[in-house]
Amino acid sequence: MSEPLAIDSSSRADDDGWSVYGVDLTSRLFLGTARYPSLQVMADAAKAAKTEVLTVGLRRQSPEQLAGEAFWDHVASLGCRILPNTAGCHSTKEVVTLAQMSREIFETNWIKLEVTGDDYNLQPDPFELIEATRRLIALGFEVFPYTTDDLVVCQRLRDLGCEIIMPWGAPIGTGKGLMNPYALETLRARLPDVKLLVDAGLGLPSHAARVFELGFDAVLLNTAVAQADDPIAMASAFQHGVQAGRMAYRAGAMAESETAHPSTPVVGTPFWQAAGDN
């Protein structure tokens, strides 16, 4: 019997690069830098996740981290691209001020735009979000807007010039996964030329895999990794979940069926009966 054909599955993952605002990336997992047990755990988790982009919030970062150079030294040592965020802002005016500070500190036009509309579930304010996006783009920022899964809001963000849009899976920090897969599927179908990244609400690697099975381009995590019993192991698990989901999407899933179909078709005479008749 001949040897089975070997399939190099690693090549399918390694040749799957993408880009956003002209920056080429290989990783599709963005990682936050808050709420880790220690700076070393944060750094080790980032390495385990194989991330290329780390988010940092000036307003939400803990005072002890901002007070010293240890935090920035750890972040810089990882060689990742920094995506500053405007977490904690409630108005366009606050957003613009913090974004300009972030651009000066981190020397980047990238900004993750967050404008909180409700402090109970931290839901983004769609009206301030649109206005803040308009203002930031006019100021030369490359905006990564965090929003709900509302299709019309996402269409407006696209029309303003956002190359990437980041709808939530569930309210931030809840770990509930994808509360409304239908809405996310609709976003993917209606915005085929926009990069889509699910940001917030994921709690398990299987949640991340599901995001990619829907055809999304990336995910952003923080609490799911930082608050795990073993953040480093969880970061690695998410990295594998991302890879599995993306590979499954590229492979093409079988069509669903309302009826059962045997894996081995029953056609003609069983081979053992045919052999016995001779």
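At distances below 3.5 Å, not a single donor-acceptor pair connects side-chain atoms of Thr86 with backbone N or O atoms of Leu113. Formation of a donor-acceptor pair under 3.5 Å by the Lys195 side chain with backbone atoms of Ser19 is found in this model. At distances below 3.5 Å, not a single donor-acceptor pair connects side-chain atoms of Thr174 with backbone N or O atoms of Ala170. Of the possible polar contacts, one joining the Thr108 side chain to the Trp110 backbone as a donor-acceptor pair under 3.5 Å is found. A side-chain donor-acceptor contact under 3.5 Å links Glu94 to the backbone of His90. For the pair Glu163 (side chain) and Tyr21 (backbone), a donor-acceptor distance under 3.5 Å is present. Thr97 places a side-chain N or O within donor-acceptor distance of the main-chain N or O of Lys93, the cut-off being under 3.5 Å. No donor-acceptor pair under 3.5 Å is formed between the side chain of Glu142 and the backbone N or O of Asn109. In this structure a side-chain-to-backbone donor-acceptor pair under 3.5 Å is present from Arg188 to Gly215. Side chain of Arg35 to main chain of Thr223: no donor-acceptor pair is present (N/O by atom type, distance under 3.5 Å, no hydrogens or angles).
Below 30°, between 30° and 60°, or above 60°: for Tyr146 and Trp168 the angle between ring planes is above 60°, a perpendicular geometry.
Look at Asp193 and Arg158 and you find no salt bridge, because none of the NZ, NE, NH1 or NH2 atoms lies under 4.0 Å from a carboxylate O.
In terms of heavy atoms, Leu129 sits closest to Val115 at CA-CG2, 4.2 Å. Across all non-hydrogen atoms, the minimal contact from Thr51 to Cys80 is O-SG, 3.5 Å.
Side-chain contact, Gln40 with Asp44: a donor N or O sits under 3.5 Å from an acceptor N or O.
Side chains of Ile82 and Val75 form a contact here, defined as non-hydrogen atoms less than 4.5 Å apart. Inter-residue side-chain proximity for Trp18 and Thr26 is flagged as unmet; no heavy-atom pair is nearer than 4.5 Å. Within the 4.5 Å cutoff, the side chain of Leu54 has no heavy atoms near those of the Arg81 side chain.
The number of heavy-atom neighbours closer than 6.0 Å to CZ of Arg103, taken from other residues, nucleotides and ligands shown, is above 12.
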- Query: Where do Thr92 and Glu131 land on the side-chain hydrogen bond (donor to acceptor under 3.5 Å, both in side chains) test, with the steps shown first?
  - Reply: CA-CA 7 Å; Thr92 297; Glu131 180 58 27; 5.6 Å; no
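Note on Leu204: it does not cluster hydrophobically with Ile232, by side-chain heavy-atom contacts below 4.5 Å among ILVMFWY residues. Linking ILVMFWY residues whenever their side-chain heavy atoms come closer than 4.5 Å, directly or via other members, places Leu214 and Val198 in the same cluster. The cluster map of Ile, Leu, Val, Met, Phe, Trp and Tyr, joined by side-chain heavy atoms under 4.5 Å apart, puts Leu160 and Leu187 in the same cluster.
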